[in-house]
Amino acid sequence: MNQIVEQIEQYKKEIETLSIADAKDLEEYRIKWLGTKGIVKSLMGEMKNVAVEDKKAFGLIMNEFKQFAESRYDTAKEAGGATQEKKSSGIDSSLPGENLPLGSRHPISLMRNKMVEIFARLGFSVADGPEIEDDFHNFTALNLPEHHPARDMQDTFYIQQNPDWLLRTHTSNVQIHEMEKGKLPLRIVMPGRVYRNETVSARSHCFFHQIEGLYIDENVSFADLKQTLYFFVQEMYGKNIQVRFRPSYFPFTEPSAEMDIECLLCRGAGCSVCKRTGWLEILGCGMIHPNVLQNCGIDSEKYTGFAFGMGIERPTLQKYGISDIRLFSENDVRFLKQFTSAI
Ligand code: PHE
């Protein structure tokens, strides 16, 4: 027993003075001292040769030696890991990371969100519909029978494979889809992209965006329509904005009107933006034609409603002082990244 204890003391000194410089030294150390055929294991095996009365003391000494050999291994491993990391990358992993650049919303989306949010305050919810449409939902159901001259008002893109299909010319098609669902009353706004066969220039494009509004219930009147639109323009352009309604014609509304606001640039004095009139046309509207209600299976004796449709591009151009509508669809990051906050 004494002999083994002495031997252990020597081993300890050997371990203390050992140098473990790299991964190879570390692995050699592990095999020699801690491996299955290593020194610690074989000393443990000596237990059977120790006298019964000494077994407890020997056990304690052995355990202590085992921990000693293991802790030397652990410290050498940690130190080696740290030096290796420093050498290989030079990265200080305790420094905070770089901020990722944030994207920004498209100006048309910002304007649409603002418009939707104003109507939401009056209880309007949002509905969506298809951009590829059939003739019925874009024209016929909206009281424009085939060969009706009003179809010429809108230059339509037809789809070659099927002459019944087209790219919707307005968001009014969503009115029809929503009315067909048969759930009344309806109070919705319908933003979306529309297409018209027009020459692309700084002022007009072959696709653009509209937001459509629809309100159907018993006893809805033209006064409700005007109040809704007054609220909208005051929230959008300020309480003192001057407004006028002009009689107009749409096949799907009767009576129909267009709404103008005072020119935001010259405040009514007349300038090039308002073509010297002092007014800017912002939307078309009217009371839903009874034929349209009937085309969708709604009792036009019981229900009445109003609808309006407004372009999104023009107010966005005015809001930000942008002079060319084509910028909205060119995906130039230098343009797009300038619009960072909600309107
Ligand atoms: N759809 C019409 C347009 O695109 C706008 C409109 C919508 C007019 C609803 C009246 C009612 O010009």
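The first residue of the sequence shown is numbered 1, and numbering continues consecutively from there. In each ligand, atom 1 is the first atom listed, and ligand 1 is the first ligand listed.
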Check whether any N or O atom of [X], backbone or side chain, sits under 3.5 Å from an N or O atom of ligand 1, and answer yes or no.
X      : value
Glu212 : no
Gln175 : no
Arg196 : yes

From atom 7 (C) of ligand 1, work out which of Gly213, Gly309, Gly311 has a heavy atom at the shortest distance.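 That would be Gly309.
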Using heavy atoms and a threshold below 4.0 Å, how should the contact between Ser256 and ligand 1 be classified: side chain, backbone, both, or neither? neither
Report the part of Met287 (side chain from C-beta onward, or backbone N, CA, C, O) that has a heavy atom under 4.0 Å from ligand 1; answer both or neither where that applies. neither
Other residues, nucleotides and ligands only: do more than 12 of their heavy atoms fall within 6.0 Å of [atom1] on [X]?
X      : atom1 : answer
Lys319 : NZ    : no
Trp165 : CH2   : no
Asp164 : CG    : yes
Arg326 : CZ    : yes

Ligand-residue contact atoms, ligand 1 with Ser172, heavy atoms, under 4.0 Å: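 Contacts of ligand 1 toward Ser172, numbered from 1: 1 (N), 7 (C).
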Per-atom contacts of ligand 1 with Phe252, taking only distances under 4.0 Å to non-hydrogen atoms: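 So the answer, numbered in order with elements, is 1 (N), 2 (C), 6 (C), 7 (C), 8 (C), 9 (C), 10 (C), 11 (C).
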Worked verdict on Asn138 versus Thr169 for side-chain hydrogen bond (donor to acceptor under 3.5 Å, both in side chains): CA-CA 7 Å; Asn138 195 80; Thr169 57; 3.0 Å; yes
Below 4.0 angstrom, N of the basic side chain to O of the carboxylate: do Asp22 and Lys24 qualify? no
Looking at ligand 1, would Gln210 count as a contact under a 4.0 Å heavy-atom criterion?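 Judged by the 4.0 Å heavy-atom criterion, Gln210 does count as contacting ligand 1.
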Below 4.0 Å from any atom of ligand 1, is there a heavy atom belonging to Glu258?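 Judged by the 4.0 Å heavy-atom criterion, Glu258 does not count as contacting ligand 1.
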Modelled atom types, side-chain donor and acceptor of His177 and Glu133, under 3.5 Å: yes
